[in-house]
Amino acid sequence: PPRQRAGQARAIENMTNTLAIRFAADDVVAVHRAIDGMEQTLMALVSRGDAVAVEDPTVPRVLDILDRIGARVISIGWHDDGPDPRELMRALHAGATTFVYQPNGHSPTGRAVTDEWLEQVAPLLRRSDALVVELDLFPLLHPVRKTLGTRMPEATTLVEGYSHSHGPDMQAAVVGGPREVIERVAQQIAYSHRWVSRVLQDTLASLLTSAEASTQVAHAAVEYQRRHTLAREWFAARGFGLAPQTSAPEPRSGSVERP
């Protein structure tokens with residue numbers, strides 16, 4: 001019906017505008033939470049036997065997905081500023097066709113890549129024609145959000161989940177990237193039971209563009225940062241070594257800034 005099509009188009013436009021903060025995605029598609037988005041994206045890009053460069057450590061479910069596909073994983077160790085560029089270069093020379101990593105709020109370390117890392121890695125990936133898949137589980141909770149998509153949008157697919165910012169009942173996430181990739185993901189979803197309710201999509205789009213909801217999320221981000229700082233101080237006081245740079249710096253006293 002025309003009204004349903006109009007609602008679907010409005011939801012997609014709102015989600016596209018949200019992703020445009022990061023980079024100009026050709027297209028977007030809704031999925032069930034971020035891990036489902038990773039599975040759909042990797043199924044669209046990776047075939048059995050393909051070599052895939054994957055940050056180490058990473059979210060265990062990502063490795064489960066690649067194992068089920070039959071891909072060959074090449075681990076790329078994390079340093080303070082991001083996955084090791086030298087290890088990534090060796091993986092690309094070994095035939096890796098896809099690079100999977102978390103640019104912000106890395107799980108389990110909490111780190112984020114730096115601008116210097118992005119500048120160093122982008123040329124390596126361009127020369128290899130490798131595709132990039134970014135997983136961001138906390139997209140609205142970072143004071144500064146990093147992505148390779150601003151430097152190579154034609155090769156970068158971003159998977160964003162919102163259950164940490166909008167609650168576990170928000171069983172919807174977004175995949176944005178090159179149109180060809182998003183069309184493959186959408187086709188996979190269309191011929192399965194994993195399509196996302198239009199009502200839920202429209203709810204997410206409304207929350208992402210709501211000033212009131214954005215203010216609440218900004219307050220939550222400040223509180224998360226405060227707790228993060230307290231936890232770091234507790235561990236440091238007891239002699240634990242901690243990475244100097246993470247995705248959640250100390251909050252400014254009395255300030256609430258929109259992520």
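- No side-chain heavy atom of T157 sits less than 4.5 Å from a side-chain heavy atom of L131.
- The shortest side-chain heavy-atom distance between E87 and D56 does not fall under the 4.5 Å cut-off.
- In this structure, the side chain of E134 does not engage the main chain of T156 through any donor-acceptor pair within 3.5 Å.
- Classification of the H166-Y162 ring pair by plane angle, with boundaries at 30° and 60°, yields perpendicular.
- The environment of R61 atom CZ is sparse: at most 12 non-hydrogen atoms of other residues, nucleotides or ligands sit within 6.0 angstrom.
- The two residues G82 and W117 make their nearest non-hydrogen contact at C-NE1, 3.6 Å.
- Here the closest non-hydrogen pair linking I76 and A91 is CD1-CB, 3.8 Å.
- Within the model, atoms CG of L124 and CZ of R90 stand 12.0 Å from one another, a figure rounded to the nearest 0.5 Å.
- When all heavy atoms of T58 and V54 are compared, the pair lying nearest together is CG2-CG1, 3.9 Å.
- A distance-only check finds no donor-acceptor pair linking the side chain of T41 to the backbone of M38 [under 3.5 Å].
- Note that CG of L200 and CG of D169 are 10.0 Å apart. Values are rounded to the nearest 0.5 Å.
- From D136, atom CG reaches atom OH of Y101 across 9.5 Å, with rounding to the nearest 0.5 Å.
- Between L140 and S165 the shortest heavy-atom distance is CD1-OG, 4.1 Å.
- At a threshold of 4.5 Å between non-hydrogen side-chain atoms, the residues P103 and L148 do not count as touching.
- Looking at residues two or more places apart in sequence or on another chain, you find no ring pair (Phe, Tyr, Trp, His ring centres under 6.0 Å) involving Y191.
- Note on ring orientation: taking the six-membered ring where Trp is involved, the planes of F240 and F235 are perpendicular (angle over 60°, cut-offs 30° and 60°).
- At least one donor-acceptor pair under 3.5 Å links the side chain of R179 to the backbone N or O of D26.
- A donor-acceptor contact shorter than 3.5 Å is absent between the side chain of R151 and the backbone of V121.
- In this structure, the side chain of E39 does not engage the main chain of I65 through any donor-acceptor pair within 3.5 Å.
- In this structure, Q102 and L137 approach most closely via the heavy-atom pair OE1-CD1, 4.2 Å.
- Interatomic distance, CG of N104 versus CG of L141, reported as 10.5 Å (0.5 Å rounding).
- The only member of V113, D81, T150, T147 that meets side chain to side chain contact (heavy atoms under 4.5 Å, CB included) when paired with L118 is V113.
- Note that the CE atom of M43 and the CG atom of L66 stand 12.0 Å from one another [nearest 0.5 Å].
- Screening T97, V133, V52 for a side chain to side chain contact (heavy atoms under 4.5 Å, CB included) involving V46 leaves a single residue, V52.
- Within a 6.0 Å radius of CD in E180, no more than 12 heavy atoms belonging to other residues, nucleotides or ligands are found.
- Note that the CG atom of L208 and the OG atom of S214 stand 7.5 Å from one another [nearest 0.5 Å].
- Between Q120 and E116, every side-chain heavy-atom pair lies at or beyond the 4.5 Å cut-off.
- Counting only heavy atoms from C-beta outward, the side chains of P83 and L88 never approach each other to under 4.5 Å.
- Residues R111 and E55 are not paired through a salt bridge, judged by the lack of any N-O separation under 4.0 Å between the basic side chain and the carboxylate.
- Listed for the H32 side chain is no donor-acceptor partner under 3.5 Å among the backbone atoms of A173.
- The closest donor-acceptor contact from the side chain of S47 to the backbone of D50 lies at 3.5 Å or more, if one exists at all.
- The shortest heavy-atom contact between G161 and P139 is O-CD, 2.9 Å.
- Put simply, the side chain of S210 never gets that close to the backbone of S206: no donor and acceptor are under 3.5 Å apart.
- Looking only at side-chain heavy atoms (C-beta outward), L92 and L125 come within less than 4.5 Å of each other.
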